[in-house]
Amino acid sequence: MAVKREKEFLGSGVSPGVVFGQALKLDNRNRAILKMRVDDVEEEIRRLLNAIEQSKAQLAVLKSRLEEKIGSEHSVILDTHILILEDQTLRNEILDGIRKERANSEWAVTRAMKRIVRAYESLEDEYFREKHNDIEDVMERVLLNLSGDRPFSWDNLPGDLILVSRDFHPSAFATMDLQKVRGLVLELGGRTSHTAIISRGLRLPAVMGIRDILPSITTGDALIVNGDDGQVILNPTQKRMQRMRGRIEAFGTTASYVLEKSGQTTLTRDGTAVSLRANTELPYELEAAKRCGAEGIGLFRSELLFFGHPQGLPSVEEQCSSYRELVREMKPHTVAIRTLDAGSEKVFDGEDYSGQDNSAMGLRGIRLSLKAKDMFRSQIEAILRSSSDGNIEIVLPMVSTVEEIWQAKSLISEVRESLRENSDLELRKVPVGAMIEVPAAVFSLEVLAKEVDFLCVGTNDLIQYMLAVDRENPHVAYLFQPLHPTVLHCLARIADVAANLKTPARICGEISSNPFYAVLLLGMGYTQLSMNPLSIPAIRRVLHEVSIDDSRRIAEKALTFVTAHEVCRYLTDAVSKLVKTDLAYYAREIAAPNGKS
Ligand code: PEP
Ligand code: MG
């Protein structure tokens with residue numbers, strides 16, 4: 001057998017660590033298409049033909065609905081789709097795949113689809129080139145109907161998988177067997193994308209933003225994922241393996257070390273208390289938060305409760321049971337539940353809010369909650385009910401006007417009143433906070449801060465909006481600069497206004513997880529930082545070595561520079577001189593916050 005050539009790819013290392021494993025390629029919907037041997041070929045063919053008939057019947061219903069609404073001339077497109085399903089050449093190609101290879105229908109359909117799509121894409125004529133979308137639509141429908149009768153199972157997969165895909169929706173984490181996944185490689189995405197944030201929480205080395213890696217990779221290929229340096233090696237040679245073995249083994253053994261308890265409180269060298277809290281999203285992270293000594297959950301991202309839900313929306317009871325578990329487990333600390341920060345992905349309250357081209361600036365966060373009021377009420381009710389079990393807070397995401405806070409508070413009061421009248425639960429006071437992540441919120445902070453009990457500074461979005469840099473777009477990743485002087489002046493302003501108005505302010509973005517930023521934030525006046533739970537021990541260790549005066553001096557000086565590069569050079573040097581802890585990894589991270597620049 002021919003030896004496969006080694007090939008190296010570079011992207012952004014967004015979650016550290018070095019791992020070795022075998023590729024599992026995922027399709028656009030994050031499904032694995034695997035070639036599996038079938039025992040009964042005739043039964044497999046019946047399965048395929050059923051799925052095709054089912055698809056045709058669905059298209060016929062869609063067609064008649066469309067005709068009722070807009071007339072028959074527009075439904076021709078669906079006739080084309082039905083004709084594709086009846087095309088004998090295509091059907092024979094798929095049947096051949098099943099018969100000759102004794103393979104599963106999903107694999108045979110995908111193989112035929114890819115071949116035709118490639119053929120269309122190579123055409124000169126743009127009109128015909130676009131036609132591959134029709135083929136893909138129809139075949140996706142067949143695949144969906146196939147998945148209904150035999151849901152995808154992780155049971156027979158090996159335990160050293162590296163997921164390779166174009167994009168990866170965070171909700172897919174909820175449906176996979178994480179014990180079997182060692183690393184993640186994506187063509188899209190950046191360091192502050194939710195998928196990257198979750199990868200770090202799971203200690204899953206990840207490299208993102210590698211353009212065009214998919215065509216070079218086949219499921220089963222050997223891969224090294226080097227999340228420290230943003231490097232992926234396909235078919236590593238023996239020599240390479242020998243060179244990397246040390247780092248692969250070292251990563252394997254540190255995995256348990258990071259979960260060691262690291263004490264429960266944080267004091268600076270001169271005895272100032274700093275509260276280090278955890279950002280969580282997946283159930284696994286609650287355990288990590290407790291073991292790493294988190295002083296509460298500073299931000300619970302509630303999206304996965306909604307996105308991972310089989311019926312669409314979780315009931316009040318289902319939400320309550322998740323929030324109650326967090327509150328009980330974190331006692332006596334506080335748990336901040338951020339209300340749904342969805343973008344355009346879903347249908348809520350029966351209304352279809354999908355299809356927004358620019359969803360980061362569209363109907364997301366509090367804007368969506370104030371439209372889909374029934375859904376918002378149910379989330380508020382679940383949070384208020386859970387308050388009888390411990391300390392809980394509400395955080396409103398994407399606030400850009402004070403009216404949004406007024407409306408949300410008025411809805412919260414209504415729900416509270418109704419609960420008081422209709423239940424005998426002992427409801428505690430539930431503080432309400434606002435995420436500060438939109439420039440408008442920074443510059444109207446004097447008004448907003450008076451309306452809430454606390455502020456959560458969402459630096460991931462704040463940097464995105466302040467610098468006009470899409471946090472998911474690898475093409476502009478080099479401009480996503482947390483140390484950009486404008487960002488630093490915004491953060492200093494927020495700390496000053498919050499201190500004058502005596503409104504507590506907590507940093508919740510990814511920058512809290514890096515000791516260099518943590519020292520800078522402390523110097524600006526922030527004494528509450530919320531972060532990936534696994535970062536808490538390192539931040540705690542470094543803050544023990546720094547005094548408030550040191551950090552103030554550093555922050556004051558950092559605010560005098562005019563480029564992120566200058567700030568970075570100064571900060572790396574100043575903090576490294578103060579602390580004994582080895583900060584080399586973190587220094588690389590602040591020098592290239594989104595991987596290679
Ligand atoms: C942020 O924007 O910094 C934040 C904490 O929220 P998210 O990353 O979920 O948008
Ligand atoms: Mg945000």
Side-chain angles (χ1 to χ4, degrees), residues 12-19 191 196 199-207 224-231 243-270 274 276 278 288 291-294 482-483 507 510-523 529 531-551 553-555 557-558 564-565 567-597:
S12 301
V14 302
S15 179
V18 185
V19 281
R191 196 180 157 73
S199 303
R200 287 195 287 279
L202 292 170
R203 271 186 76 67
L204 202 63
V207 180
I224 292 177
V225 179
N226 175 353
D228 298 341
D229 304 322
Q231 178 195 43
R243 258 206 331 267
M244 301 292 278
R245 183 153 292 126
R247 290 179 72 179
I248 295 170
E249 284 171 3
F251 178 72
T253 45
T254 54
S256 49
Y257 158 72
V258 216
L259 285 183
E260 291 294 306
K261 262 201 165 154
S262 72
Q264 297 294 326
T265 51
T266 313
L267 294 177
T268 59
R269 207 177 69 217
D270 54 332
V274 182
L276 301 187
R291 286 227 243 154
C292 293
L483 293 177
I507 299 282
E510 286 305 292
I511 62 171
S512 299
S513 308
N514 182 303
F516 289 100
Y517 295 129
V519 171
L520 185 61
L521 293 166
L522 179 68
L529 305 177
M531 64 195 76
N532 170 346
L534 302 179
S535 306
I536 291 175
I539 300 289
R540 185 165 278 149
R541 253 195 320 271
V542 169
L543 293 184
H544 275 310
E545 298 188 64
V546 176
S547 73
I548 283 283
D549 283 346
D550 292 333
S551 67
R553 183 177 43 78
I554 289 175
K557 178 81 181 168
H565 184 69
V567 182
C568 179
R569 217 174 29 209
Y570 165 71
L571 190 62
T572 313
D573 186 53
V575 177
S576 302
K577 276 189 190 137
L578 279 179
V579 302
K580 289 196 210 78
T581 309
D582 178 9
L583 299 180
Y585 167 75
Y586 299 103
R588 279 206 303 276
E589 190 178 276
I590 66 164
N594 240 323
K596 70 182 160 63
S597 51

Item to check | Reported CG-to-OG distance for the pair Leu571 and Ser576, which is rounded to 0.5 angstrom | outcome: 8.5 Å

Item to check | Contact summary for Tyr570 and Ala558, nearest pair of heavy atoms | outcome: CE2-N, 4.0 Å

Checklist entry - Got a second to check how far Asp229's CG is from Ser12's OG, nearest 0.5 Å? => result 12.0 Å

Item to check | From OG (Ser513) to CD1 (Ile507), nearest 0.5 Å | outcome: 11.5 Å

Checklist entry - Shortest non-hydrogen contact from Ala518 to Leu529? => result CB-CD1, 3.9 Å

Checklist entry - Are any non-hydrogen side-chain atoms of Val14 and Glu510 less than 4.5 angstrom apart? => result no

Next on the checklist: Keeping Arg191 on the side-chain end and Ala196 on the backbone end, is there a donor-acceptor pair under 3.5 Å?
Outcome noted: no

Checklist entry - Between atom CD1 of Ile539 and atom CG of Asn514, what is the distance when rounded to the nearest 0.5 Å? => result 6.5 Å

Checklist entry - Would you say the side chain of Met244 lies within less than 4.5 Å of the side chain of Gln231, judging by non-hydrogen atoms? => result yes

Checklist outcome for this item: Closest heavy-atom pair, Pro515 versus Leu583, reported as atoms and distance to 0.1 Å, is CG-CD2, 4.0 Å

Item to check | Minimum heavy-atom distance between Val519 and Ser551, given as atom pair plus value | outcome: O-CB, 3.5 Å

Checklist entry - Mind checking whether Arg541 and Lys580 have side chains closer than 4.5 Å, heavy atoms only? => result no

Item to check | Value rounded to 0.5 Å, distance of OH in Tyr517 from CG in Leu483 | outcome: 4.5 Å

Checklist entry - If you look at every heavy atom in Ala288 and Pro533, which pair is closest and at what distance? => result C-CB, 4.0 Å

Item to check | Thr572 side-chain N/O to Ala587 backbone N/O, donor-acceptor pair under 3.5 Å | outcome: no

Checklist entry - Is there a side-chain contact between Phe516 and Val542 (heavy atoms, below 4.5 Å)? => result no

Next on the checklist: Which heavy atom of Asp228 sits nearest to which heavy atom of Gly17, and what is that distance?
Outcome noted: OD1-N, 2.7 Å

Next on the checklist: Quick one, Asp549 with Asp270, criterion side chain to side chain contact (heavy atoms under 4.5 Å, CB included). Give me CA distance, side-chain angles, the key distance, then yes/no.
Outcome noted: CA-CA 9 Å; Asp549 283 346; Asp270 54 332; 5.7 Å; no

Checklist outcome for this item: dist Ile554:CD1 -> Leu521:CG (nearest 0.5 Å) comes out at 12.0 Å

Item to check | Check: Thr268 and Val546 side chains under 4.5 Å, non-hydrogen atoms | outcome: no

Next on the checklist: Can you confirm whether Leu534 sits close enough to Cys292 that some side-chain heavy atom of one is under 4.5 Å from a side-chain heavy atom of the other?
Outcome noted: yes

Item to check | Evaluation steps, salt bridge (Lys or Arg N to Asp or Glu O under 4.0 Å), between Lys577 and Asp573 | outcome: CA-CA 6 Å; Lys577 276 189 190 137; Asp573 186 53; 3.0 Å; yes

Checklist entry - Can you find a pair of side-chain heavy atoms, one from Arg540 and one from His544, that are under 4.5 Å apart? => result yes

Item to check | Residue pair Ile536 / Met531, side-chain heavy-atom distance below 4.5 Å | outcome: yes

Next on the checklist: Determine whether Arg247 and Ile224 satisfy the following criterion, side chain to side chain contact (heavy atoms under 4.5 Å, CB included), listing intermediate values before the conclusion.
Outcome noted: CA-CA 11 Å; Arg247 290 179 72 179; Ile224 292 177; over 6 Å; no

